[in-house]
Amino acid sequence: MTQPQTAPAGTGTTTGTGAGTDWRRRAAELDAADPLAWAREEFLLDAAPGVVSYLDGNSLGRPLRATAQRTAAFVHDEWGGRLIRGWTDDGGGGGWLRWPELVGDQLGRVALGAAPGQAVVADSTTVLFYKLARAVVDGAQDGRDEIVTDTGNFPTDRYVVEGIAAERGLRVRWVKTDPAAGVTVEQVRAAVGPRTALATFSHVAYRSGHLADAGAVTAAVHEAGALVLWDLSHSVGSVPLELDAWGVDAAVGCTYKYLDGGPGAPAFAYLAARHHGRLHQPVQGWMGHAEPFTMGPGYSPAAGARALVSGTPPVLAMVPVRAGLDLLERAGTHAVRAKSELLTAFALELVDDLLVPLGVQVASPREAARRGGHVTIRRAGFRTVNDRLWDEGVLPDFRAPDGIRLGMAPLSTSFAEVLEGVVRLRALLRREGA
Ligand SMILES: *Cc1c(COP(=O)(O)O)cnc(C)c1O
């Protein structure tokens with residue numbers, strides 16, 4: 001499918017090389033054949049009329065129409081109507097106090113491949129990551145004094161790991177990963193051993209979009225007698241997950257990326273049932289207590305995943321998360337992944353034909369099975385190029401030193417939108433004299 005690149009970049013239309021594919025027709029055909037095209041209509045697209053191409057759904061998903069309606073209804077009927085009674089009243093959907101588990105179970109069913117009772121929604125990803133990483137290292141046997149992670153991991157994960165290491169007198173063993181790829185089973189196998197307490201990685205690398213082999217990496221960590229904590233922020237809602245089947249010990253992730261939960265939406269934590277009552281997170285708050293309203297002396301953790309909760313659940317902020325999960329449930333994660341693979345493959349074809357001749361490089365895996373939902377491209381000067389794109393209503397994001405991420409959220413992104421973004425980027429590079 002790659003076009004021959006014998007001729008110089010073409011005319012500024014959508015035909016790249018002299019031989020030229022009619023990219024507009026290709027995009028239209030792909031959109032017409034898209035079984036998830038209906039889902040795009042569920043989003044509030046008209047709220048951003050100047051945006052011709054949104055390519056940052058991997059960083060902040062678009063809002064759903066249902067979110068606007070359901071949030072307003074919640075304010076009026078639930079908050080306004082039930083007032084303080086809402087925390088405990090069961091108006092059919094469970095009192096608000098139960099929402100961390102209620103939404104956690106839906107997430108488990110729809111997106112995580114997790115049986116009920118193992119996931120909660122609460123806090124931010126950073127805070128939940130700290131709580132679970134501490135729970136794992138505190139529960140490790142004597143002599144297991146190392147945390148294994150990789151140099152390409154998301155900054156918050158690296159910083160929290162360093163903080164925990166300092167706090168608990170542990171050592172961080174860094175796996176050096178290629179920024180254009182991500183962590184491999186071989187690298188993990190070489191890094192873990194009898195001193196490993198915790199190994200932690202991102203399932204999809206935020207920079208390159210590399211999709212780690214979570215099942216095989218988890219098995220490699222277990223062979224060394226250690227536990228694994230996955231950060232699913234860039235895979236949940238984009239890549240089907242099988243946490244139970246993979247034997248994952250613990251996981252966290254965002255809901256404001258592919259789950260469309262909105263800016264600062266609460267995160268989720270998963271702890272496999274076999275670790276409940278055995279691993280304890282350190283932020284012992286009243287909402288994770290077995291009997292919060294007894295308000296007695298001494299902390300006694302609730303049974304199950306509830307013990308991962310610390311303070312009052314962010315109920316209002318879970319309304320959009322539930323709307324996002326409802327849409328994902330209708331679409332199905334396998335259909336989402338199928339479209340995601342087509343979107344990233346299409347983006348790579350466009351980049352190869354229209355941008356590579358202008359000096360752009362691909363910094364993402366080419367193998368579909370190792371690629372998540374975004375494609376990263378590199379070129380000197382991309383920081384200012386990204387600013388110009390934003391001025392033109394094309395919204396990818398820039399990641400230092402020289403990367404632009406083209407993030408494609410399968411439920412809301414059309415093939416025509418991807419094409420528009422790449423075409424505008426090309427026009428910009430050519431105007432600047434390439
Ligand atoms: C986006 C992202 C986060 C963000 O964490 P917050 O606590 O929500 O700021 C963490 N980890 C990864 C891998 C991410 O992609």
Side-chain angles (χ1 to χ4, degrees), residues 55-62 100 103 107 111-112 119-134 147-164 174-175 177 179 181-183 198-212 214 217 228-239 241 243 248 250-270 281 283 308-311 313-314 317-318 320-321 324 340 363-364 371-376 396-400 403 405-409:
L55 297 175
D56 213 4
N58 60 318
S59 205
L60 179 66
R62 285 186 186 257
V103 186
L107 182 74
L112 303 181
V120 293
V121 173
D123 308 320
S124 65
T125 302
T126 302
V127 169
L128 289 177
F129 182 82
Y130 173 78
K131 286 158 78 168
L132 282 176
R134 268 290 304 268
I147 304 175
V148 174
T149 193
D150 68 292
T151 52
N153 205 350
F154 191 79
T156 216
D157 304 52
R158 290 185 276 113
Y159 304 156
V160 168
V161 159
E162 288 174 329
I164 290 176
W174 295 99
V175 174
T177 42
V183 74
L198 166 70
T200 183
F201 310 102
S202 289
H203 188 208
V204 168
Y206 79 102
R207 201 184 283 278
S208 69
H210 174 269
L211 173 61
V217 168
V228 71
L229 166 57
W230 285 100
D231 188 331
L232 308 171
S233 295
H234 264 92
S235 59
V236 67
S238 164
V239 179
L241 304 168
L243 299 188
V248 166
V252 296
C254 294
T255 66
Y256 52 79
K257 292 171 179 167
Y258 293 104
L259 296 178
D260 306 308
F268 64 88
Y270 162 95
Q281 62 90 1
V283 189
L308 299 175
V309 174
S310 298
M318 284 192 234
V321 176
S340 175
S364 289
R371 198 165 68 228
H374 66 274
V375 166
T376 301
D397 67 19
F398 174 77
R399 286 293 174 266
R405 296 190 306 180
L406 309 174
M408 290 151 281

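Counting starts at 1 for both ligands and their atoms, following the listed order. By convention here, the first residue in the shown sequence is residue 1.
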Novice: For the pair T125 (side chain) and A267 (backbone), establish whether a donor and an acceptor sit closer than 3.5 Å, ignoring hydrogens and angles.
Specialist: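 Not at all, since once roles are kept as given, no pair shorter than 3.5 Å links the two residues.
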Novice: Please state which protein non-hydrogen atom is closest to atom 15 (O) of ligand 1 and give its distance, to 0.1 Å?
Specialist: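 Result for atom 15 (O) of ligand 1: K257 NZ, 2.5 Å.
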Novice: Quick check on contacts: which atoms of ligand 1 are under 4.0 angstrom from a heavy atom of T156?
Specialist: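 Once the distances to T156 are compared, the set is 10 (C).
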Novice: At a 4.0 Å threshold, what atoms of ligand 1 neighbour a non-hydrogen atom of D157?
Specialist: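 Once the distances to D157 are compared, the set is 11 (N).
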Novice: Can you tell me if S364 uses its side chain to pair, donor with acceptor, with the backbone of T376 under 3.5 Å?
Specialist: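 Yes: the side chain of S364 pairs with the backbone of T376.
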Novice: Return the closest protein heavy atom for atom 5 (O) of ligand 1 as residue, atom name and distance.
Specialist: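 Nearest neighbour among protein heavy atoms for atom 5 (O) of ligand 1, to 0.1 Å: T125 CB, 3.5 Å.
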Novice: For atom 13 (C) of ligand 1, find the nearest protein heavy atom and state the residue, atom name and distance (0.1 Å precision).
Specialist: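 Going by distance alone, atom 13 (C) of ligand 1 is nearest to D231 OD2, 3.2 Å.
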Novice: Which ligand 1 atoms, with their elements, are less than 4.0 angstrom from a heavy-atom of S124?
Specialist: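 That gives atoms 7 (O) of ligand 1.
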Novice: Test your reading of the model: is there a side-chain donor-acceptor pair from T151 to the backbone of T177, 3.5 Å cut-off?
Specialist: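 Present.
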Novice: Checking the N or O distance criterion of under 3.5 Å, is ligand 1 in contact with S202?
Specialist: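 So ligand 1 has no N or O lying under 3.5 Å from an N or O of S202.
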Novice: How are the rings of W230 and H203 set to each other: parallel, tilted or perpendicular (split at 30° and 60°)?
Specialist: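 Plane angle over 60°, so perpendicular.
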Novice: For atom 3 (C) of ligand 1, grab the closest protein heavy atom and report residue, atom and distance to one decimal in Å.
Specialist: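 Result: F154 CE2, 3.4 Å.
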Novice: Which pair of non-hydrogen atoms, one from S340 and one from G373, has the smallest distance, and what is that distance?
Specialist: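 Nearest pair, atom of S340 first, then G373: OG-CA, 3.7 Å.
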Novice: Nearest protein heavy atom to atom 9 (O) of ligand 1, by residue and atom, and its distance?
Specialist: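 Checking every protein heavy atom, the shortest distance to atom 9 (O) of ligand 1 gives Y256 OH, 3.6 Å.
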Novice: What atoms of ligand 1 come closer than 4.0 angstrom to any heavy atom of H234?
Specialist: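 Every atom of ligand 1 under 4.0 Å from some heavy atom of H234: 15 (O).
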Novice: Taking N153's backbone N and O only, do any of them form a donor-acceptor pair with R158's side chain (distance below 3.5 Å, no angle check)?
Specialist: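 Yes, because the side chain of R158 sits within donor-acceptor range (under 3.5 Å) of the backbone of N153.
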Novice: Tell me whether ligand 1 is touched by A267 - counting only heavy atoms on the residue side and a distance under 4.0 Å.
Specialist: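 Not so, A267 does not reach ligand 1.
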Novice: Yes or no on side-chain contact (heavy atoms from CB on, under 4.5 Å) for V239 and H234, after CA distance, side-chain angles and deciding distance?
Specialist: CA-CA 9 Å; V239 179; H234 264 92; over 6 Å; no
Novice: Are the side chain of K131 and the backbone of V283 linked by a donor-acceptor contact shorter than 3.5 Å?
Specialist: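 A pair under 3.5 Å: no.
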Novice: Suppose we measure from atom 7 (O) of ligand 1 to each protein heavy atom; which comes out shortest, and what is that distance?
Specialist: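 For atom 7 (O) of ligand 1, the nearest protein heavy atom is T126 OG1, 2.6 Å.
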